[in-house]
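Reminder, nothing fancy here: chain letters follow the sequence lines and each chain counts from 1.
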Amino acid sequence: MKLLPQSWYARPTVQVAQELLGKLLVREVNGVRLTGIIIETEAYIADDPACHAFKGKAARNQALFGPVGHTYVYFTYGMHFCINIVTREPSVIAGGVLIRALKPIEGLELMGRNRPGHSDANLTSGPGKLTQALDITRADGSIDVTKKGELYIVEGIEVNPADIRATPRIGISTGKDKLWRFTF
DNA sequence: CACCCGATTATCT
DNA sequence: GATAATCGGGTGT
């Protein structure tokens, strides 16, 4: 499995959001490997009222302004973590791609233990669920996913661009007119 | 299957 | 004090 160079993430956020579909998110902790195919993403950039970075730099969202190819993990609704990959072209000040869903490939047993009482189909079928299944927390913010480590992304399956569907993003109150949620 | 709501807390007004 | 890039359980059709 091949890692993607940092330059791959230094391209327009909306384009990378689509190309992340089919890639593999790999979590390695305590010698156990958890893997899933990325099947749903959403793009967020600074020039977009729905983006956490829209109102400027703050303690919570600083990672969105940081180096591309790193993670941005935030905590929301008092109980959920969500993970983004920082991605943007050089002329854009901040931006990232929210990973909304995975298809579990490897390490189903541990994912199930991280989410007791749930069937395989419900392990990673939402942004808050997949972080729980992969045991991703605040501590996993600002990790470089272009290098093998506790958390990284490698090439996965080929996705036919014709199979990619663009729809409005979920759960936001502004910026609903943009079709920046991608599934295949 | 559609809608409604409570849980729980960081962040902002 | 209100809101939030959510989830899961409940109720009603």
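Both distances falling under 3.5 Å, in either a Watson-Crick or a G-U wobble arrangement, occur for no nucleotide opposite C:dA5. Pairing of B:dT8, defined by two Watson-Crick or G-U wobble distances under 3.5 Å, is not identified with any nucleotide.
Between B:dA7, B:dC12, B:dA10, one nucleotide has an atom nearer to the side chain of A:Phe75 than all others, and that is B:dA10.
In the displayed structure, A:Lys178 atom NZ is contacted under 6.0 Å by more than 12 heavy atoms of other residues, nucleotides or ligands.
Counting non-hydrogen atoms under 4.0 angstrom, A:Arg115 reaches the backbone sugars and phosphates but no base. Base engagement by A:Gly78 is indicated by at least one non-hydrogen atom pair under 4.0 Å involving a base atom. Backbone-only contact: A:Arg60 has heavy atoms under 4.0 Å from sugar-phosphate atoms and none from a base. Contacts of A:Leu98 with the nucleic acid, taken as non-hydrogen atoms under 4.0 Å apart, include base atoms.
Between A:Phe75 and A:Phe81, the ring planes lie tilted relative to each other; the angle falls in the 30° to 60° range.
Along DNA chain B, the nucleotide nearest to A:His80 and the one nearest to A:Arg138 differ in position, and the one closer to the 5' end is contacted by A:His80.
Rounding to the nearest 0.5 Å gives a distance of 14.0 Å between CZ of A:Phe54 and OH of A:Tyr44.
Of all the heavy atoms in A:Leu64 and A:Arg88, the pair that sits closest is O-NH1, 3.3 Å.
The main-chain N or O of A:Val32 is never found under 3.5 Å from a side-chain atom of A:Asn30 such that the two would form a donor-acceptor pair. The backbone N or O of A:His52 sits less than 3.5 Å from a side-chain atom of A:Asn61, completing a donor-acceptor pair.
Of all nucleotides in DNA chain C having an atom under 4.0 Å from a heavy atom of chain A, the first and last in 5' to 3' order are C:dA4 to C:dG8.
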